[in-house]
Amino acid sequence: MTKWTSITLLILYMSLLIFPVTGVCLWLIGRVDSVSYALNLISPITALSIGTMGLLIFAFEGVIRDDMIHTMCVAIAMGLTLLTLAEIALVMVSILAGSTLFYVVMAFLQLPGLIIWTAGVLGYVYVFNRVVNIMQQTRLAISIISGSIVALLVVKVIAILYYGTRGVIESLVCLPIEICLLMMISSLIMIIWLIRGGTLRYPFGTMLFAVILYAVQSLLLYDLMESPLSPLVRGIAFESYVLLGISLIMFRRLGE
Amino acid sequence: MDVKSLYIINRATGVCLYHKDFVDSQLDPHLISSFIAAMASFFSESVHGTTPSLARTFEGSDYKILIEFGEWTIGALSASSDDESLREALRRMISTFEEQFSVLRYVELDLAVYSRFEKNVMSEFIRTQIEPDAIIRPRLNWDLYVRNAEVRALLSLLPAGCTVREAADFLEVPLDVAQNLIAEALWERAVVLSSPVRPDDIYQTTSPVHFSHKASDVPEEVAKAMTELDGETPLSIAAERVRTADIRRFLNEIAKLADRKAVEKVSPAQARLVLYTAVLQTILERFAYVMGYRLTRQLFLDSIEALLNTYSWLAFVDLEEGVDVDVRSSLVVACVKGRFSLEMLSDGFHALLQFITRRAARYIGPKIVNDILCVSERHLEHQFPNTAHEVGWEMFRA
């Protein structure tokens, strides 16, 4: 297992570097479109393969168990597998980019995967708090939700100030996605802060970085009206999936 | 009282140099000492093999005579069970005696052995038994045979049936002083001590058949609790399981059952094993929630492996599915038979807990480990209110 995971980790680290390096090279020679075309293909494949890898690593020992780290990793892998559909759909419906329908379709395709991610992370936070007893569970839930709402409001205000107002439907459909992502970000920051003295912070930190990247991608797509096929949007999503893969492998390698 | 008599015998001559009966005895100490010396000598002759054997225990139906050898003396302790802690105490006695009266090895002299050695025996076998919660009951007609003025004064002042702590409060003396006075009284056989049944005591049902005959008048909840008294469950948990309304009454009923021999308290080593198993289980479960089962198992197995050279018996502590602690029956039986001293068990488990928590701190940081230890300690205090503090809960400097 150690040898296998080491090779996978090496491949993932290399993949992490491929996008920025090749992107910059192609940009320098004026072939930005090639990056975009390549990423249209690579992003869904990456999400699917890393999701499948996660399921192969973790789901063999049971999908839902008392072990919340295990359950969280299975949730991340399942979410990634579901997000493959969103990645494929994004390319297919990119022709509708800018229309209300595009945002509705995209939001509904991304939401199931993100809900599974959020359930995995929040489930872990809930059990963590129950064991360590940092605060009452209701207080914890209120803190995470209110923190996420405040962060969302700040993001929305900044987006409106700099990029102007948007339609009601476009604004509403992306709310659950952004709330899910912000709840994950705040939960992961809390966990990393609490275990800052231990090495478990590294896989959680990688996961946090991945979720932040995914949130940036959503921000670009839904709030800053970036083109869905823009190399920046596609590249950030790709990096996010690779980082999640690295995080899953790091969780698997704990104690080895 | 677990200890009945103590004999220190000259190994060469078989003469009894010192003896003390802690309970009433009709036996001539010199007869016993001659017998023990003869049997020890018999075993040391290599009758069944090439290497000489050493007598360890002479076993009767209701008591055993434990034998330990010094350089030139034999120590014999008549006790109800062969317990490693009693053997350790006996070895200490022999060593002190040989050091204090070394001249007796070569010549027989009147060195006032009894009066000079009395304090040592008292502190080793009597004083250690006197717990603050023990109930003092004066013997009938104690005033006719007790000569010690301090003991007489103590017993004439004390109210009947009070505990040692209450006696200290009543006499307005420190607890230590009261314990010393009670030890003197016990030495004079002027009082008997009985331990109250406590919530974290562990009892086991001795015979269900016996129970069905004798214990038909016990309350229903206590009758139900009989099935819970399996030698592993503290009374506090048993009481919770049968949802008793009054824990004090429940404990009193258990005390009555113990008097009837329907239940018996497990050996101190077994109780300590149960305590540490519960501690280990509680901590591992919490670590598993935070770090995952796989990593927690790994930490546990690594810690056991690292400690095997020092505490080989830890090989009998394992994990079943998940992080369920499994203590192999060999270790349980050894504890039941008193082969392990409390110190040995505590040291091993304490080291194991330290190794596990240190390894866990590398993964989740010292702060969370401290939090988990605090939460676990509180949880264990609920199950074992009087003994949870005996576990070495070592926190990290965050």
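These numbers come from the heavy atoms of this one structure, side chains and all, not from hydrogens, waters or symmetry mates.
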> By a 4.5 Å heavy-atom criterion (distance strictly below it), what part of Val375(B) contacts chain A: side chain, backbone, both, or neither?
Replying inline: side chain
> Any sub-3.5 Å donor-acceptor pair from Tyr289(B)'s side-chain atoms to Ile69(A)'s backbone N or O?
Replying inline: no
> Between atom CZ of Phe128(A) and atom CE of Met291(B), what is the distance when rounded to the nearest 0.5 Å?
Replying inline: 11.0 Å
> How about Arg196(A): does its CZ atom have over 12 heavy atoms from other parts shown lying under 6.0 Å from it?
Replying inline: yes
> Can you check whether Val132(A)'s main-chain N or O pairs, donor with acceptor, with Asp371(B)'s side chain at less than 3.5 Å?
Replying inline: no
> In this structure, are over 12 heavy atoms from other groups packed under 6.0 Å from Phe355(B) atom CZ?
Replying inline: yes
>> Please rank Asn133(A), Leu254(A), Ile134(A) by heavy-atom pairs under 4.5 Å with chain B and give me the top one.
In response: Leu254(A)
>> I'd like to know whether CD of Glu305(B) has more than 12 heavy-atom contacts from other residues, nucleotides or ligands below 6.0 angstrom.
In response: no
> Going from CE on Met68(A) to OH on Tyr293(B), what distance comes out if it is rounded to the nearest 0.5 angstrom?
Replying inline: 10.5 Å
> Considering only heavy atoms, which portion of Tyr124(A) lies under 4.5 Å from any heavy atom of chain B: side chain, backbone, both, or neither?
Replying inline: side chain
> Counting heavy atoms not belonging to Met135(A), are there more than 12 under 6.0 Å from its CE?
Replying inline: yes
> Looking at Arg286(B), Arg297(B), Gln298(B), which one has more heavy-atom pairs under 4.5 Å with chain A than the rest?
Replying inline: Arg286(B)
> Is there a side-chain contact between Val131(A) and Ile372(B), using heavy atoms and a 4.5 Å cut-off?
Replying inline: yes
> Arg253(A) and Arg294(B): which non-hydrogen atoms are nearest, and at how many Å?
Replying inline: N-NH2, 4.1 Å
> When only pairs under 4.5 Å are counted, which of Leu200(A), Thr199(A), Ile191(A) shares the most heavy-atom pairs with chain B?
Replying inline: Thr199(A)
